[in-house]
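Okay, so here's the structure we're looking at.
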Number of protein chains: 2
Amino acid sequence: MGVKERRDRERLGMRRAILDAAREIAAHEGWHAVTIRRIAEVIEYSPPTIYEYFPSKEALLVEVSHEAFGLLLGDLRGARDATPDPRERLRSMVAAYWAFVWKHPELYQVISGLGGVNVCEPGDECLHTEGTQVAELFREVLQTILPPANRTAEDLENKVMVIWSLFHGFTALLMAGRIPMEARDRALELGQQALGDLVSAW
Amino acid sequence: MGVKERRDRERLGMRRAILDAAREIAAHEGWHAVTIRRIAEVIEYSPPTIYEYFPSKEALLVEVSHEAFGLLLGDLRGARDATPDPRERLRSMVAAYWAFVWKHPELYQVISGLGGVNVCEPGDECLHTEGTQVAELFREVLQTILPPANRTAEDLENKVMVIWSLFHGFTALLMAGRIPMEARDRALELGQQALGDLVSAW
DNA sequence: GGCATTAATCTAACATTGTTAGATTAACGT
DNA sequence: ACGTTAATCTAACAATGTTAGATTAATGCC
């Protein structure tokens with residue numbers, strides 16, 4: 001009998017609705033506006049119902065973060081597979097990263113602790129795996145670019161951090177209003193240029 | 001009669017106490033623990049008293065941010081004046097920036113919207129002046145380093161953004177736990193190395 | 001010195017947050 | 001048809017930022 005299956009499907013659908021509602025509110029009004037009662041209103045259920053599907057608001061946001069990381073990783077892999085040339089691959093992946101940030105600012109905020117969200121404390125294992133995967137993708141492509149002498153594991157890891165920091169830094173400063181938004185479109189180009197300079201030096 | 005002066009002094013002292021309490025709580029327990037009642041408890045006054053000195057919690061945090069920016073700018077100027085050699089100056093300023101971040105993580109968080117604080121919305125003029133001043137300091141030293149051909153105002157501004165983004169990115173990724181804290185000490189060295197490579201390319 | 005005025009502070013409360021307890025209703029298995 | 005289980009709701013809790021109104025203390029004036 002498929003009753004259990006249907007129930008599972010319904011539970012899954014409800015989770016989906018809750019997650020989507022949270023994301024939608026965040027997209028339109030920012031994460032500060034994402035409250036349990038507001039989500040409940042959107043999905044047309046009472047607030048406590050949400051706790052039948054997530055143990056806490058924190059857990060809900062962690063789930064959103066996991067899904068967001070999934071999307072980002074997908075985009076990065078797509079960009080990687082779009083061209084076989086190593087340098088072009090790196091450019092493409094960086095462009096995809098940048099595109100993701102500004103296509104889904106609210107998702108980028110929740111996975112990187114921007115915009116006043118901060119889902120896992122630093123030191124928590126929470127999203128460590130996903131962070132590692134992003135780094136891994138850049139590590140792989142860098143390995144095919146750098147001269148063999150500079151390909152020790154630590155060397156690659158260091159260089160990935162530099163690249164990631166550069167673009168995340170741009171994003172964070174822009175989103176925090178510390179750099180004016182007019183600079184946004186320029187930033188990708190600047191970053192790519194700097195990246196090229198760095199790769200040449202490595 | 002010095003009664004008005006004394007009152008002003010007392011008001012100032014009270015503001016000081018409130019600001020220090022907020023900062024101290026944040027330093028020990030993070031900004032999420034900084035609540036009006038908690039501050040009131042520390043200064044041994046009732047919660048509403050705080051509203052006689054600050055119109056809102058937000059305003060209080062903005063004031064903390066202003067002071068924090070003041071400290072950072074002071075450190076940066078000190079580092080600038082520590083040596084006359086342009087390249088060494090840049091290195092020194094970057095080192096001072098990095099030192100400030102990890103000496104007062106809570107202050108850096110509040111001025112850069114990390115750690116779940118977010119004092120001014122992006123697009124707000126709130127801390128725009130201070131951000132500009134930080135950029136200005138780096139702009140000045142860069143101007144003495146770059147070859148004359150690459151010294152247009154826009155060029156300098158762009159390069160400052162690259163430098164700032166690099167180091168802020170490191171900090172943000174570390175503080176968000178996206179990069180493991182073991183990499184912290186390495187990061188300054190890595191950043192300095194990358195900065196050297198970039199300056200050479202410019 | 002006595003008294004009105006003004007400033008500083010407090011108690012009590014409000015609305016909004018996340019979250020839980022307990023009742024109620026609907027669906028299911030036997 | 002009925003007991004059991006799952007899903008949902010109403011009502012409430014504690015903690016947040018914030019405000020109103022009373023109270024107390026200090027000041028200026030005669």
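So that the names make sense, note that chain A is the first sequence line, chain B the second, and so on, each numbered from 1.
Every residue two or more places apart in sequence or in another chain that forms a side chain to side chain donor-acceptor pair (under 3.5 Å) with B:Glu29 is listed here: B:Arg38. Taking B:Arg186 as the reference, A:Asn158 meet the side chain to side chain donor-acceptor pair (under 3.5 Å) condition, with sequence neighbours excluded. Not a single side chain to side chain donor-acceptor pair (under 3.5 Å) links A:Asp75 to another residue, sequence neighbours left out. Partners of B:Tyr108 according to the ring-ring contact (aromatic ring centres under 6.0 Å, His included) rule, which considers only residues two or more places apart in sequence or in another chain, are B:Tyr97, B:His168.
Under the 4.0 Å criterion applied to side-chain N and carboxylate O atoms, A:Arg139 and A:Glu157 are not assigned as salt-bridge partners.
Across the protein-nucleic acid pair, B:Leu60 atom CG and D:dT16 atom C1' stand 15 Å apart, rounded to whole Å. The separation between B:Tyr51 atom OH and D:dT16 atom P is 12 Å, rounded to whole Å. Here the P atom of nucleotide C:dT17 and the NZ atom of A:Lys57 are 9 Å apart, to the nearest Å. Atom CD in B:Glu41 sits about 13 Å away from atom C1' in D:dA15, given to the nearest Å. In this structure, CD of B:Glu58 is placed 12 Å from C1' of D:dG17, rounded to the nearest angstrom. Per the geometry, CH2 belonging to B:Trp31 stands 17 Å off C1' belonging to D:dT16, to the nearest Å.
Listed by first and then second residue, the salt bridge (charged side-chain N to carboxylate O under 4.0 Å, His left out) pairs involving residues 42-70 of chain B are B:Arg15-B:Glu63, B:Arg16-B:Glu67 (not counting sequence neighbours). Every pair passing salt bridge (charged side-chain N to carboxylate O under 4.0 Å, His left out) that includes a residue from residues 78-97 of chain A is listed here, sequence neighbours excluded: A:Arg80-A:Glu140. Applying the ring pair (Phe, Tyr, Trp, His ring centres under 6.0 Å) rule to pairs touching residues 172-202 of chain B yields nothing, sequence neighbours excluded.
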| Going 5' to 3' along nucleotides 6-12 of chain D, which nucleotides have protein heavy atoms under 4.0 Å from the base (write B), which only from the sugar-phosphate (write S), and which from neither (write -)? | SSBBBBB
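A heavy atom lying under 4.0 Å from DNA chain C marks none of the residues of residues 15-30 of chain A.
Distances shorter than 4.0 Å separate some side-chain N or O of A:Thr35 from OP1 or OP2 on C:dG18.
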